[in-house]
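Counting convention: from 1, in listed order, for ligands and their atoms alike. The chain is numbered in sequence order, starting from 1.
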Amino acid sequence: MAICLLCMLSWAFMAGAELRFASYFADHMVLQKGPACAVLWGYGESSANVTVMVYQSDNIVMKKMVQAEVFRIWKVVLTAMPQGGPYSIVVRQFYEDEVSSIMLRDVYFGDVWLCSGQSNMEMTVSQIFNASKELAQASHFPYVRVFTASLAQSEEELLDLPDIDLQWSVPTAENLGHGDFGYFSAVCWLFGRYLYETLQYPIGLVESSWGGTPVEAWSSRRALRKCGLSEDHRSFPVSLDSGPKEYSVLWNAMIHPLLNMTFQGVVWYQGEANTAMNTDLYNCTFPALIEDWRETFHEGSVGQTERSFPFGFVQLSTDRLVEIDDSFPRIRWHQTADYGYVPNTKMPNTFMAVALDLCDGSSPYGSIHPRDKQSVAYRLHLGALAVAYGKENVTFQGPYPEQVLVDAALKILNVTYNQNIHLHHMDSKVFEVCCSDPALCEWNTIAIRTASFRTVSLQNIACPETVTGLRYAWTEWPCDYKQCPLYNLQSLPAPPFISFSHNNPSWVVS
Ligand SMILES: *[C@@H]1O[C@H](CO)[C@@H](O)[C@H](O)[C@H]1NC(C)=O
Ligand SMILES: *[C@@H]1O[C@H](CO)[C@@H](O)[C@H](O)[C@H]1NC(C)=O
Ligand SMILES: *[C@@H]1O[C@H](CO)[C@@H](O)[C@H](O)[C@H]1NC(C)=O
Ligand SMILES: *[C@@H]1O[C@H](CO)[C@@H](O)[C@H](O)[C@H]1NC(C)=O
Ligand SMILES: *[C@@H]1O[C@H](CO)[C@@H](O)[C@H](O)[C@H]1NC(C)=O
Ligand SMILES: *[C@@H]1O[C@H](CO)[C@@H](O)[C@H](O)[C@H]1NC(C)=O
């Protein structure tokens, strides 16, 4: 990877002779536990001898020695550590006759997750339903530790974070509820808290998100080139709830600096901004971002962050009750690389929280910011348990169709799902059929007739001859709160889908 030599030099000069940690290593932090090794780095004198010691109480449990590089950066890969703590970490620099040292206190080893995206990730615990109850419970979870990077953008890839909004902290009602769209992210917090409740060991949460930002801002130039996007010379006005839209500027300032930390995985809540920008490229740009982050986090952590680390995300919820275009359903579909579900061949080791039934028309923050973040985080953590932690008995996906059977004579369309379904109500709008050439579809709504076990039977009186396409929940706002027609028996909603007979072997037409 090309790194900016000038940036490195200026960082080195700014660092001076002072021995210190990189910005995001601080007291109260969680470092990644084994089998991965945590990476620690900081600044010191060129070529100084640096010793890193990990203490539990007064006992030294690990000692590592390295030499700082000429650019006055030292970097240590610790020995893999089991979950737990607290530990102290002492770094000592020997430079000619001078000895200096710095220390981290109250450090735990556990799983570290990065939370990124736009304003639905930024929304804080004080902005959601039951905020006071959630805030009051914060102090019951002292082993879930939180950190928030400041909003920052840059034309060049930065080595370290320019600033920090919330340095590593033990959660309190104050730091989880600090203002609107500030810190700490409700989705990130609840995700970490639910994981802690199951795993029972420390969880570190690093939030780096900015409202109103498109995927292009979070992508490296290299990732964007893979989707045919090269130089971006536009500039957009920046306001608080609508962050920068220029290519790569947030990747440069808010993600690149974190590559040298060891993470367990990433959760992502973004996509709204791309309903108005490069919408039909999202099926390329999003998988490309995931692949690029995986490659670079692996490389930046000297191989410690897993090469194909788990990547979870939230499928878009709802915004406009009266929709003016189909950009929301298109982004929802593209979020899965057009498969409808994840993980899939193009998006391995990913998990998705479906949120199209979590609408909130009376949200004081605008309907684009639904306040039920508990359900979002709960669904997301089920995905993490199944995909990241290999818990085989956790159902984390909603029902997805396996077969579409068209009985033209009886005017019946049977959709068979891969799970038992719970039909919330008979519905006459959520399924639509196309009767013509798929390229020229006019969609007609058709009603649900019956449903049993895994099959929903639809009354097809819309297409006089043959059915060429079928779609489900292909609107911006398909149902009232938690009242979509189809769920599984674990109350997970069926994700939206679109399917055509001509290119889909799961269609049986008689
Ligand atoms: C680092 O340690 C080596 C071996 O003890 C020593 O020769 C060298 O001078 C030390 N370097 C500095 C900059 O103190
Ligand atoms: C993305 O979706 C658009 C619009 O449906 C389609 O034309 C394009 O082929 C898709 N690209 C990929 C990489 O799947
Ligand atoms: C962090 O990782 C990036 C990507 O591999 C690399 O360019 C950079 O030099 C690393 N920084 C440190 C301090 O090792
Ligand atoms: C809010 O709390 C009430 C009472 O405990 C509960 O029934 C409801 O599900 C909670 N809402 C959310 C979104 O968690
Ligand atoms: C899944 O399996 C684990 C271990 O066997 C068990 O403790 C847990 O209760 C199970 N969970 C469910 C939802 O069945
Ligand atoms: C369609 O599904 C219904 C309800 O499960 C079932 O009674 C019917 O036999 C199915 N029709 C065909 C043609 O399979």
**OP:** Output the list of atoms in ligand 1 that are nearer than 4.0 Å to some heavy atom of Ser47, sorted by atom number.
**Re:** 13 (C)
Subject >> Sub-6.0 Å ring centroid separation between Phe309 and Phe263 >> reply: no
Original post:
Which residues pass the salt bridge (charged side-chain N to carboxylate O under 4.0 Å, His left out) test with Asp325, sequence neighbours left out?
Top reply: Arg320
Original post:
Can Glu291 and Lys226 be counted as an ion pair, charged N to O under 4.0 angstrom?
Top reply: no
Original post:
Knowing that exactly one of Glu216, Gln335, His334 qualifies, which makes a side chain to side chain donor-acceptor pair (under 3.5 Å) with Asn274?
Top reply: Glu216
Original post:
How many angstroms lie between CG in Leu259 and CH2 in Trp293, if you round to the nearest 0.5 Å?
Top reply: 9.5 Å
**OP:** Examine the proximity of ligand 2 to Leu281 and report which part, side chain or backbone, both or neither, has a heavy atom under 4.0 Å away.
**Re:** neither
Could you pull out the N/O contacts under 3.5 angstrom between ligand 6 and the surrounding protein atoms?
residue	atom	partner	partner atom	Å
ligand 6	2 (O)	Asn414	OD1	3.2
ligand 6	2 (O)	Asn414	ND2	2.4
ligand 6	5 (O)	Ser452	OG	3.0
ligand 6	11 (N)	Asn414	ND2	2.8
ligand 6	14 (O)	Asn414	ND2	3.4

**OP:** State whether the shortest distance between N or O atoms of Asn49 and N or O atoms of ligand 1 falls below 3.5 angstrom.
**Re:** yes
Original post:
How about Ser219 and Trp251: do any of their side-chain heavy atoms sit closer than 4.5 Å?
Top reply: no
Under 3.5 Å donor-acceptor pairs involving side-chain atoms of residues 485-501, not counting sequence neighbours:
residue	atom	partner	partner atom	Å
Tyr487	OH	Asp357	OD2	2.7
Tyr487	OH	Lys482	O	3.3
Tyr487	OH	Gln483	N	3.3
Tyr487	OH	Cys484	N	3.2
Asn488	OD1	Gln490	N	2.9
Asn488	OD1	Ser491	N	3.1
Asn488	OD1	Leu492	N	2.8
Asn488	ND2	Gln397	O	3.2
Asn488	ND2	Gln419	OE1	2.9
Asn488	ND2	Gln490	OE1	3.4
Ser499	OG	Asn504	ND2	3.0
Ser499	OG	Trp507	NE1	2.8
Ser501	OG	Thr468	O	3.4

**OP:** May I ask whether Arg330 places a heavy atom under 4.0 Å from ligand 2?
**Re:** no
Original post:
Is NZ or CZ of Arg20 both nearer than 6.0 Å to the six-membered ring centre of Tyr43 and within 45° of the ring axis?
Top reply: yes
Subject >> N or O contact, Glu96 vs ligand 1, cut-off under 3.5 Å >> reply: yes
Original post:
With Asp326, which residues qualify under salt bridge (charged side-chain N to carboxylate O under 4.0 Å, His left out), at least two apart?
Top reply: Arg330
Original post:
Taking only heavy atoms of Asn283, which atoms of ligand 2 are found under 4.0 Å from at least one of them?
Top reply: 1 (C), 2 (O), 3 (C), 8 (C), 10 (C), 11 (N), 12 (C), 14 (O)
